[in-house]
Amino acid sequence: MFDKEIEFSVHEDYFLLKEDYPTPIKLNIPEWFKKLEHTLENKTIKGCMPFLDSLTSGYLLKMPQDFNVRHNVVNKNEKGEEFKDSFQTYGLHDMTQILGAKTINLNSGQDIHSIKQLEGSPFIEKNKNLPFYKIMNPWKIKTPKGYSCLFVPPLNNSDDRFSIIPAIVDTDTFPNEVNFPIVLNGDKYSVLETLIKKGTPYVQIIPFKRDSWKMIIKSRKQKEIQNSRLFYGLRLLNIYKDKYWNKKSWK
């Protein structure tokens, strides 16, 4: 039984294209994970339910258009002076052109966060001290009253070229599309020229109920700890799955 709904809505013309709809992220499990075998003699991460939950919890957004990335590339202006590109993007399949309409607002394209907006953060160095671009998401997201959404790069399955800056939005009250500032992986690519194709997975959405919490810190008896470890240390194949794990459903 599904008593909670998350709603994704978009401009009617884009909706009719039936392209790159949001999907349950469980449909995006990486091939390397599917190929793993988990046995008593050869235990692998495929038997780790917390890892599987990270791959299957929530929903997936995909790039709404192609983005041609030129990051930290040295160019010259008309005077011959050198300068570096920031994360410049070019929509090779601009949605307004696809739809043959020039006036509709699909929230497509990109926007910029200046360096000052993230001054002092670890993202500055990673992004090579260049401005941060935002992916303009065309989908409005609506959750039931009292529910928010956690937005993160696809957990344990993210693109190694870039990632969004994680955030939480109260999607039960926020009336507009949520857009996503991104950081280029300057730790791996000091210079990056690449095409991020339309349909590339880039955001994992995990809705959750807002509750008020109070922290309690307490001690545990040594015997309690030992008994717990002894039980969990039994040579069983799926002890966490069989004893502690709760099945989740995302459709």
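For the numbers below, each heavy atom of this structure counts, side chains included, while hydrogens, waters and symmetry mates do not. What you see is a predicted model; the values in this text were computed from it and never measured.
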Ignoring hydrogens and geometry beyond distance, is a side-chain donor-acceptor pair present between [X] and [Y] at under 3.5 Å?
X: N185; Y: K126; answer: yes
X: Y147; Y: D170; answer: no
X: D53; Y: W245; answer: yes

Report yes if the side chains of [X] and [Y] come closer than 4.5 Å at any heavy-atom pair, otherwise no.
X: T194; Y: F67; result: no
X: P207; Y: S148; result: no
X: L36; Y: I45; result: yes

Electrostatic pair [X]-[Y], nearest N-O below 4.0 angstrom:
X: R70; Y: E193; result: yes
X: E119; Y: K116; result: no
X: K198; Y: E19; result: yes
X: K145; Y: D172; result: no

Over 12 non-hydrogen atoms of neighbours within 6.0 angstrom of NZ in K248: yes
In terms of heavy-atom contacts, does CD of E224 have more than 12 from other residues, nucleotides or ligands at under 6.0 Å? yes
Given the rule in the side-chain contact (heavy atoms from CB on, under 4.5 Å) test, do I135 and I182 qualify, once you have shown the distances and angles that lead to the verdict? CA-CA 7 Å; I135 302 300; I182 59 176; 3.9 Å; yes
Nearest-0.5 Å distance, [atom1] of residue [X] to [atom2] of residue [Y]:
X: S114; Y: L130; atom1: OG; atom2: CG; value: 12.5 Å
X: K241; Y: L52; atom1: NZ; atom2: CG; value: 8.5 Å
X: L61; Y: T23; atom1: CG; atom2: OG1; value: 8.5 Å
X: S54; Y: Q204; atom1: OG; atom2: CD; value: 7.0 Å
X: F162; Y: T200; atom1: CZ; atom2: OG1; value: 6.5 Å
X: S190; Y: K188; atom1: OG; atom2: NZ; value: 12.5 Å

For P24 against Y59, the heavy-atom pair lying closest together: CA-CD2, 3.8 Å
Cluster overlap L27 with W250, hydrophobic side-chain contacts below 4.5 Å: no
side-chain contact (heavy atoms from CB on, under 4.5 Å) evaluation trace for F132 with I124: CA-CA 9 Å; F132 298 85; I124 298 292; 3.7 Å; yes
Is the F15 ring parallel, tilted or perpendicular to the Y21 ring (thresholds 30°, 60°)? parallel
From CA spacing to verdict: side-chain contact (heavy atoms from CB on, under 4.5 Å), Y202, N137: CA-CA 11 Å; Y202 77 109; N137 160 46; 3.9 Å; yes
